[in-house]
Amino acid sequence: MMSWLFNAPATTGLHLKLNKRLGRTTALIFSLLVSLFLCTSALRGFKSPPPYINGPVTTFSSATSWLPFLVPANQRQPPPTFYPFEATSAFSPVAHDDVHTKATHDLCASFPTYLTQRIQPVLKMGHGEDHRKRDAQLDSVSACFPPDDLLIFSDFDEPLANGTRKAIDILANLPQPYRDDNPDFANYEAMRELVRKGKLTPQNDPTTGKNGWRLDKYKFLAEVERAWLMRPGRDWYVFYETDTYIVWDNMFRFLSTLDPQTPLYMGSPSPGRVDDKLKLKTWFANGGPGFVLSRGAMEKLLNRASAPVTGQYTDASLSLAWLDLIRADCCGDSVLGWALWSAGIPLSGFFPLFNPYPTHGIPYSDRAWCQPVLTMHKPEPNDMVELWRWEHGRRKLGRPLLYADLYEFRRIGSGSAPAIRYNWDNTNYDRVANGHDVHADSLEACTKACEAEARCKQYMWRGEQRKSCVLMPFINLGVAKEPETIESNETLRDPQPAGGGPESPKWRIVEERFNFTSGWLPVRIGKWRDENECTEPDWLWPSIDRHF
């Protein structure tokens, strides 16, 4: 491209010097332009969201990795869906025998409590929550943490677990603007007044139900701030709720693959706000399945600018900076996700590792089979305790607990489980592996419709008057469901009476009664399981394209 600089005719010394000087000058200008272009592109890439915001991480070949902007988009190679990782359990012993007869402290003796010096668990709850769920959480997922290692944040200071643990009210010290003209805090103040008078009971608690849910959104930013104040500098902060199930063995393995100084925000993706400047839809981590913040993310999110000489903060604290949005938004996890996005920390989506389904609602399929299970949401209290004990007997040194292993907890649709359940609803309209309805006059016809469709593994028949059959290509347990009666308006088509008589009614109320019967195809399910044996775990790359 620059050969003309070196092939000029040899004339006078002056011309030669001018040519050399021109060559050096041109080369210098060219280098400066390239450097400027590289720096501008690098800064632009640094300020913009990373390439996995709206899909898998984009990678490049080693030969061109230093100039990614020169690689045409259609030649950029995405990473494999899964990455190999040799996962080793930190529990000792890894598994127990007779897990159903051992005392809790015997099972907890194997828990790697030393990891809490690096990994901080933060449990969020509310005083008005169902105490069965709270007790189940403390008797299972949170049972093995020493009292000083587990942070429990609530809307009420109170002892828990027979006085062995304590909940901390993180709403009590929120700034006054949280309370000013804020009806959400009226129930909280009413509860505190009942406490002061010694009259608070489960029956008159004003923070139960929807009122408690409206208060819950104010705890998300507060729990992040308080966790850092009380336990600064931890590698990882794992935030979860009363009805979150965490497979700690898998969580410890997962976090060991990541650099805590990288700003990471990880969880199960839910759609959030649109960034108008970048024209991008953002995502936040659903609070129910829990979420994880790295040390790097905490430092970046909580960082506040200060005056260079006096050291006084010139930025508001996290909770005050987003107060208006918290009051206007329905959900605290959504606000936290937007605050993180605004700080340059987008969500790394890890569904189905972080899973919004309960144990009885997981749609087992290709997308949730050979992947490790990190968290689940809303298991029944009995399931939570039973699964926790079962898990202690199932751990393996070199293999994390996979969905294929979790299937064995209930063995849905296998030879040892019922093939038909009456007054039972096994539907789960999974976003990807969706079911569909067909007409069926009987349960037998519904069964045959499933058998006739190659991908169908289970079905649910709405009998009596409805007579519809849902065919599903996944395996799901479901829940008990009694028959229902619904009312609807039926339009009447009677002609207008002759002679100007009174007008006939144009519609009437019609009742429709139907029941729920669920069925599975054990032979087909068994064959599918045999054909999908997991030889190694599928650890996933982050992606918000992959969500529930």
Engineer: About how many Å separate OG of Ser348 and CG of Leu264, when rounded to the nearest 0.5 Å?
Structural biologist: 5.5 Å

Engineer: Could you tell me whether Phe291 and Phe354 have their ring centroids closer than 6.0 angstrom?
Structural biologist: no

Engineer: Any heavy-atom pair between the side chains of Asp530 and Lys527 that's under 4.5 Å?
Structural biologist: no

Engineer: Taking the side chain as C-beta and beyond, is there a heavy-atom pair between Ile412 and Trp520 under 4.5 Å?
Structural biologist: yes

Engineer: Relative to each other, are the rings of Phe516 and Phe514 parallel, tilted or perpendicular (30° and 60° limits)?
Structural biologist: perpendicular

Engineer: Under a 4.0 Å threshold between the charged nitrogen and the carboxylate oxygen, would Arg399 count as salt-bridged to Asp249?
Structural biologist: no

Engineer: Do Lys217 and Asp333 sit within salt-bridge range, that is, some charged N less than 4.0 Å from a carboxylate O?
Structural biologist: no

Engineer: Kindly indicate, with the supporting measurements, whether the criterion ring pair (Phe, Tyr, Trp, His ring centres under 6.0 Å) is fulfilled by Phe409 and Trp390.
Structural biologist: CA-CA 8 Å; Phe409 178 58; Trp390 177 87; 5.4 Å; yes

Engineer: With a 4.5 Å heavy-atom cut-off, do Thr375 and Val247 have their side chains touching?
Structural biologist: no

Engineer: Are any of the side-chain heavy atoms of Thr104 and Trp388 separated by less than 4.5 Å?
Structural biologist: yes

Engineer: Which heavy-atom pair separates Ala227 from Val122 by the least distance, and what is that distance?
Structural biologist: CB-CG2, 4.0 Å

Engineer: The test is side chain to side chain contact (heavy atoms under 4.5 Å, CB included); show your working for Trp236 and Leu293 and say whether it passes.
Structural biologist: CA-CA 6 Å; Trp236 305 100; Leu293 291 174; over 6 Å; no

Engineer: Between Met266 and Ser294, is the side chain to side chain contact (heavy atoms under 4.5 Å, CB included) condition met? List the steps.
Structural biologist: CA-CA 9 Å; Met266 300 175 289; Ser294 67; 5.8 Å; no

Engineer: What distance do Leu107 atom CG and Cys144 atom SG have between them, rounded to the nearest 0.5 Å?
Structural biologist: 7.0 Å

Engineer: Has Lys102 got more than 12 heavy atoms of other residues, nucleotides or ligands less than 6.0 Å from its NZ?
Structural biologist: yes

Engineer: What verdict does the salt bridge (charged side-chain N to carboxylate O under 4.0 Å, His left out) test give for Asp184 and Arg214, after you've listed the backbone C-alpha separation in whole Å, the side-chain angles of each residue and the deciding distance to 0.1 Å?
Structural biologist: CA-CA 6 Å; Asp184 292 341; Arg214 290 175 64 179; 2.5 Å; yes

Engineer: If you look at every heavy atom in Glu453 and His436, which pair is closest and at what distance?
Structural biologist: OE2-CE1, 2.9 Å

Engineer: How about Asp98 and Thr101: does a side-chain donor come under 3.5 Å of a side-chain acceptor?
Structural biologist: no

Engineer: Between Asp243 and Lys378, does at least one N-O distance fall below 4.0 Å, as a salt bridge requires?
Structural biologist: no

Engineer: Report yes if the distance between the aromatic ring centroids of Phe220 and Tyr218 is under 6.0 Å, otherwise no.
Structural biologist: no

Engineer: Any luck finding a side-chain donor-acceptor pair between Ser543 and Asp545 under 3.5 Å?
Structural biologist: no

Engineer: Does the side chain of Thr262 pick up a donor-acceptor pair with the side chain of Asp259 at under 3.5 Å?
Structural biologist: yes

Engineer: Look at Arg253 together with Glu86 and state whether they make a salt bridge at an N to O cut-off of under 4.0 Å.
Structural biologist: no

Engineer: Identify the residue among Phe351, Phe350, Phe284 that makes a side chain to side chain contact (heavy atoms under 4.5 Å, CB included) with Ser268.
Structural biologist: Phe351

Engineer: Salt bridge check, Glu380 against Arg132: does any charged N sit closer than 4.0 Å to a carboxylate O?
Structural biologist: no

Engineer: Under a 3.5 Å threshold, yes or no: a donor from one side chain and an acceptor from the other, between Thr242 and Glu129?
Structural biologist: yes

Engineer: If you compare all heavy atoms of Arg367 against all heavy atoms of His547, which two are closest, and at what distance to 0.1 Å?
Structural biologist: NH2-O, 2.9 Å

Engineer: Without hydrogens or angle criteria, can the side chains of Tyr357 and Asn476 be said to hold a donor-acceptor pair below 3.5 Å?
Structural biologist: no

Engineer: Can you list everything that forms a salt bridge (charged side-chain N to carboxylate O under 4.0 Å, His left out) with Arg165? Sequence neighbours excluded, please.
Structural biologist: none

Engineer: Among all residues two or more places apart in sequence or in another chain, which pass the side-chain hydrogen bond (donor to acceptor under 3.5 Å, both in side chains) test with Thr517?
Structural biologist: none

Engineer: Nearest 0.5 Å, please: how far is CD1 in Ile544 from OG in Ser270?
Structural biologist: 11.5 Å

Engineer: So that I know where these two stand, are Phe145 and Trp248 an aromatic pair - ring centroids less than 6.0 Å apart?
Structural biologist: yes

Engineer: Tell me if a side-chain donor or acceptor on His392 pairs with a main-chain N or O of Ala95 at a distance below 3.5 Å.
Structural biologist: no

Engineer: Say whether Asp425 and Thr427, considering side chains only, have a donor N or O and an acceptor N or O under 3.5 Å apart.
Structural biologist: yes

Engineer: Check whether any side-chain heavy atom of Leu347 sits under 4.5 Å from a side-chain heavy atom of Pro269, and report yes or no.
Structural biologist: yes

Engineer: Can we say Arg394 and Glu391 salt-bridge, meaning some charged N sits less than 4.0 Å from an Asp/Glu carboxylate O?
Structural biologist: no

Engineer: Quick one: do Arg134 and His131 satisfy side chain to side chain donor-acceptor pair (under 3.5 Å)? Show the steps, please.
Structural biologist: CA-CA 5 Å; Arg134 186 179 72 182; His131 284 203; 3.1 Å; yes

Engineer: Hey, what do you get for Cys469 versus Cys450: SG atoms under 2.5 Å apart or not?
Structural biologist: no

Engineer: Please lay out, stage by stage, how Tyr364 and Leu477 fare under the test side chain to side chain contact (heavy atoms under 4.5 Å, CB included).
Structural biologist: CA-CA 9 Å; Tyr364 292 100; Leu477 179 58; over 6 Å; no

Engineer: Can you list the steps and then say if Val238 with Ile119 is a side chain to side chain contact (heavy atoms under 4.5 Å, CB included)?
Structural biologist: CA-CA 7 Å; Val238 182; Ile119 300 171; 3.8 Å; yes

Engineer: May I ask you to check whether Thr359 and Tyr245 show a side-chain donor-acceptor distance below 3.5 Å?
Structural biologist: no

Engineer: Are Trp338 and Trp283 close enough that their ring centres sit under 6.0 Å apart?
Structural biologist: no

Engineer: Please determine whether side chain to side chain donor-acceptor pair (under 3.5 Å) holds for the pair Thr447 and Tyr459, giving the CA-CA distance in whole Å, both sets of side-chain angles, and the decisive distance to 0.1 Å.
Structural biologist: CA-CA 7 Å; Thr447 305; Tyr459 55 91; 2.8 Å; yes

Engineer: If you measure from the Lys or Arg side-chain nitrogens to the Asp or Glu carboxylate oxygens, is any gap between Glu223 and Lys124 under 4.0 Å?
Structural biologist: no

Engineer: Drop me the distance from Leu443's CG to Arg462's CZ, to the nearest 0.5 angstrom.
Structural biologist: 14.0 Å

